[in-house]
Amino acid sequence: MLQVPFIRENKDLVINRLAKRNINASDMINQVITLDEERRSIQAKLDNTLAESNALSKEIGVLYKTGKAEEANLLKEKTSYLKESSKQLNEDLSTKASELNELLYKIPNVPNELVPAGNTDEDNEEVFKEGDVPVLHDDALPHWELAKKYDIIDFELGNKITGAGFPVYKGKGARLQRALIAYFLDKNTAAGYTEYQLPHLVNEASGFGTGQLPDKEGQMYHVTGDNLYLIPTAEVPGTNIFRDTLLNESDLPIGITGYTPCFRREAGSYGAHVRGLNRLHQFDKVEIIRVEHPSRSYEALNEMVNHIKIILNELKLPYRILRLCGGDLTFASSLTYDFEVFSTAQNRWLEVSSVSNFETFQANRLKLRFKNTIGKNELAHTLNGSALALPRVLAGILENYQTKDGIVVPKVLQSYTGFSIID
RNA sequence: GGAGAAAUGGCAGAGUGGUCGAAUGCGGCAGUCUUGAAAACUGUUGAGGGUCACACCUCCGGGGGUUCGAAUCCCUCUUUCUCCGCCA
């Protein structure tokens, strides 16, 4: 969520930038400022009332000690009125505070100046493109056909065991999947990220900390018996490591990486664009997360982008990088780059990574701060990105590396798979 | 799952109704001494809000209650430890 003092001091900028998301925020922003003023004035009244009653209580204590019980009883009567009014003020305060918060939860992050205005993915800006699209033989197949032909992913079996969107990887398919995970983790740790194994279920407070709750509750699987949620991404447990944390400036930057399965309910649409591995209820992902000093978070974002470039270059997959427009930007992000791999047999681009700078938007909710050099607590910047999401990388490999003799395993993965062709 | 104990500042650990935001020790910081360091000694040292700065308010695991007044009493939740049971 946005910081109220920032809104107060940069009202026009906030409204203008939010317009890039096609949001007319001026009413909301004005209301935030009004509610905050009201909240602070109630707070001041409450403080005064409490100060008065604290002073009286102290006096009563002294009177009792010196044996002046009658005078004490006289003062006690006075306090009942103070009690009444502080109770009332307290209620007013929490009403006002929750009104303000509810409004703040509805306001998305302020887009960075680089973010192009726009509504749909048509308006995303292609900023980079690399790799040659392979020329495939005439009988080239989409990955779901390849999966069946080589018996490496069984979608029907997943239907039987669980339901649609829970594929079963087997044999060389399973091994290739494991190879990718190991390869990604190795690349990430070599780049300085610390490897974590994180819980796959999180509590309400964590869901709230990264913003999945309260609004996007329906996107997560909810284990009602224990009131826990299956993670939709490692971002949730990974970023919540830092919930309610006060760091030293010297602790920054922090970089972590982790592999987790990801669970998404994503109320189902069906059709060719979600076939096979394109969209699943359970999939694997290796995530990178960074906590940065505000002064260098955009430098960090570029480092993350370059890191993912290197991985895709090594895998020799054709890809492009998009700078997301305001309409496509996720709620919490200020600036996002999407990586898309070209899937030759489907003749379309598949999103394999999304790298974002959230600036202080997440940190504010998380209460993730650091003590700066002049001893003041300051919100840190958080960033995260996929490095990388497995299924669509796998789809890209299967489709782009298919030959008449089988699917060739990308060179960098061969030491991990132990085989060089799937046939 | 059953029985019991506990949760206090960076850490350890006192505090069972009234100047307690909290003794003491360790650690941290500053100083004295020293060529320098160590040791010793002296001082200082929680967080958030608020203010130009003070004042003032809040915080002793979370939430609620009793009381003029709660770290301290009551209820409830969570977590940790010990014992028993079960178990990869």
Side-chain angles (χ1 to χ4, degrees), chain A residues 1-9 32-101 104 197-209 213-214 222-229 237 240-252 254 260-261 360 362-380:
Chain A
M1 65 201 246
L2 294 173
Q3 298 174 80
V4 176
F6 179 83
I7 293 177
R8 218 189 303 147
E9 284 157 32
V32 166
I33 292 171
T34 310
L35 282 171
D36 179 56
E37 273 166 13
E38 289 169 2
R39 201 211 80 226
R40 281 185 295 155
S41 115
I42 295 169
Q43 178 81 60
K45 278 186 204 154
L46 176 63
D47 282 0
N48 288 334
T49 309
L50 288 175
E52 219 178 307
S53 89
N54 284 346
L56 278 176
S57 289
K58 242 172 216 180
E59 246 180 274
I60 291 169
V62 173
L63 287 174
Y64 271 124
K65 248 184 187 165
T66 50
K68 296 173 185 163
E70 278 154 49
E71 283 178 54
N73 286 331
L74 225 60
L75 280 183
K76 266 197 204 179
E77 280 168 37
K78 266 185 163 176
T79 60
S80 69
Y81 144 78
L82 289 172
K83 230 184 157 182
E84 198 62 35
S85 76
S86 69
K87 198 175 173 186
Q88 184 61 47
L89 286 167
N90 227 328
E91 275 168 30
D92 293 351
L93 184 66
S94 61
T95 307
K96 200 57 79 178
S98 59
E99 253 176 81
L100 176 59
N101 278 334
L104 284 171
Q197 285 202 11
L198 295 159
H200 300 166
L201 285 93
V202 293
N203 58 27
E204 264 185 327
S206 292
F208 182 83
L213 297 175
H222 187 193
V223 182
T224 51
D226 297 284
N227 197 25
L228 296 172
Y229 294 86
N240 273 285
I241 292 172
F242 304 104
R243 175 154 45 89
D244 292 319
T245 300
L246 182 64
L247 300 163
N248 292 314
E249 187 165 335
S250 58
D251 295 331
L252 301 174
I254 294 170
T260 67
T360 59
Q362 284 185 328
N364 192 28
R365 253 201 201 198
L366 289 164
K367 293 205 182 71
L368 164 52
R369 297 159 305 166
F370 67 94
K371 200 171 272 299
N372 67 22
T373 40
I374 57 165
K376 276 270 180 192
N377 297 334
E378 208 178 317
L379 291 172

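Below, chain A is the first sequence line, B the second, and so on; all start at residue 1. Only a predicted model underlies this, so the values are computations on that prediction, with no experimental measurement involved.
- Residue pairs satisfying the side chain to side chain donor-acceptor pair (under 3.5 Å) criterion with at least one member in residues 51-63 of chain A, sequence neighbours excluded, are absent.
- Between the C1' atoms of B:A40 and B:C33, the separation comes to 9 Å (whole Å).
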When you compare the protein's N or O atoms with those of nucleotides 69-71 of chain B, which come within less than 3.5 Å of each other, and at what distance?
residue, atom, partner, partner atom, Å
B:G69, O4', A:S57, OG, 3.2

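- Here B:C57 presents its P atom at 12 Å from CD of A:Q43, a figure rounded to the nearest Å.
- Comparing B:A3 with B:A23, their C1' atoms sit 35 Å apart, to the nearest whole Å.
- A:R39 comes within 4.0 angstrom of nothing in the nucleic acid, heavy atoms only.
- Closest non-hydrogen pair, A:S86 versus A:L46, comes out as O-CD1, 3.6 Å.
- Between B:G25 and B:C77, the distance separating the two P atoms is 40 Å to the nearest Å.
- Nucleotide B:C68 forms a Watson-Crick or G-U wobble pair with B:G18, both donor-acceptor distances falling under 3.5 Å.
- If you take atom C1' in B:G46 and the same atom in B:C29, they sit 14 Å apart, rounded to whole Å.
- Summarising the geometry, the separation between CD on A:E91 and P on B:G64 is reported as 12 Å, rounded to the nearest angstrom.
- The separation between A:K76 atom NZ and B:C68 atom P is 5 Å, rounded to whole Å.
- Shown here, B:A55 forms no base pair; nothing in the strands shown gives a Watson-Crick or G-U wobble contact with both key distances under 3.5 Å.
- You'll find the side chain of A:E70 stays beyond 4.5 Å of the side chain of A:L74, heavy atoms only.
- For the pair A:S80 and A:K87, nearest-nucleotide mapping onto RNA chain B gives the more 5' position to A:K87.
- As judged by a 4.0 angstrom heavy-atom cut-off over every strand, A:N54 is placed among residues touching the sugar-phosphate backbone only.
- If you take NZ of A:K58 and C1' of B:G21, they are 11 Å apart, rounded to a whole angstrom.
- Using a 4.0 Å heavy-atom distance criterion, A:L56 is classed as making no nucleic acid contact.
- The separation between A:N203 atom CG and B:G62 atom P is 16 Å, rounded to whole Å.
- Along RNA chain B, the nucleotide closest to A:R369 and the one closest to A:V62 are compared, and the more 5′ of them pairs with A:V62.
- For the C1' atoms, the distance linking B:A39 with B:G31 amounts to 16 Å, nearest Å.
- Look at B:A7: its Watson-Crick or wobble partner, with both distances under 3.5 angstrom, is B:U78.
- At whole-Å resolution of the value, CG in A:D251 and C1' in B:G10 are 13 Å apart.
- Distance noted for atom P between B:A53 and B:G17: 40 Å (whole Å).
- No more than 12 heavy atoms of other residues, nucleotides or ligands shown are found within 6.0 angstrom of NZ on A:K45.
- Look at the C1' atom in both B:C81 and B:C73: the space between them is 25 Å, to the nearest Å.
- Counted by atom type alone, A:N73 and A:E77 present zero donor-acceptor pairs between their side chains at under 3.5 Å.
- A:K371 comes within contact range of the sugar-phosphate backbone alone, with a heavy-atom separation under 4.0 Å but no base atom that close.
- Between the P atoms of B:A47 and B:C54, the separation comes to 14 Å (whole Å).
- The interatomic distance linking A:L93 (CG) with B:G50 (P) rounds to 13 Å, in whole Å.
- Rounded to an integer number of Å, the gap from NZ of A:K367 to P of B:G62 is 13 Å.
- Base pairing of B:A30: its partner is B:U42, meeting the Watson-Crick or G-U wobble criterion (both donor-acceptor distances under 3.5 Å).
- What you find for A:A363 and A:A380 is that their closest heavy atoms are CB-O, 3.1 Å.
- Across A:K96 and A:L35, no two heavy atoms sit closer than the pair CD-CD2, 3.6 Å.
- Taking CG of A:D36 as the start and CZ of A:R8 as the end, the distance is 5.0 Å to the nearest 0.5 Å.
- Between A:N203 and A:N227 the shortest side-chain heavy-atom distance does not fall below 4.5 Å.
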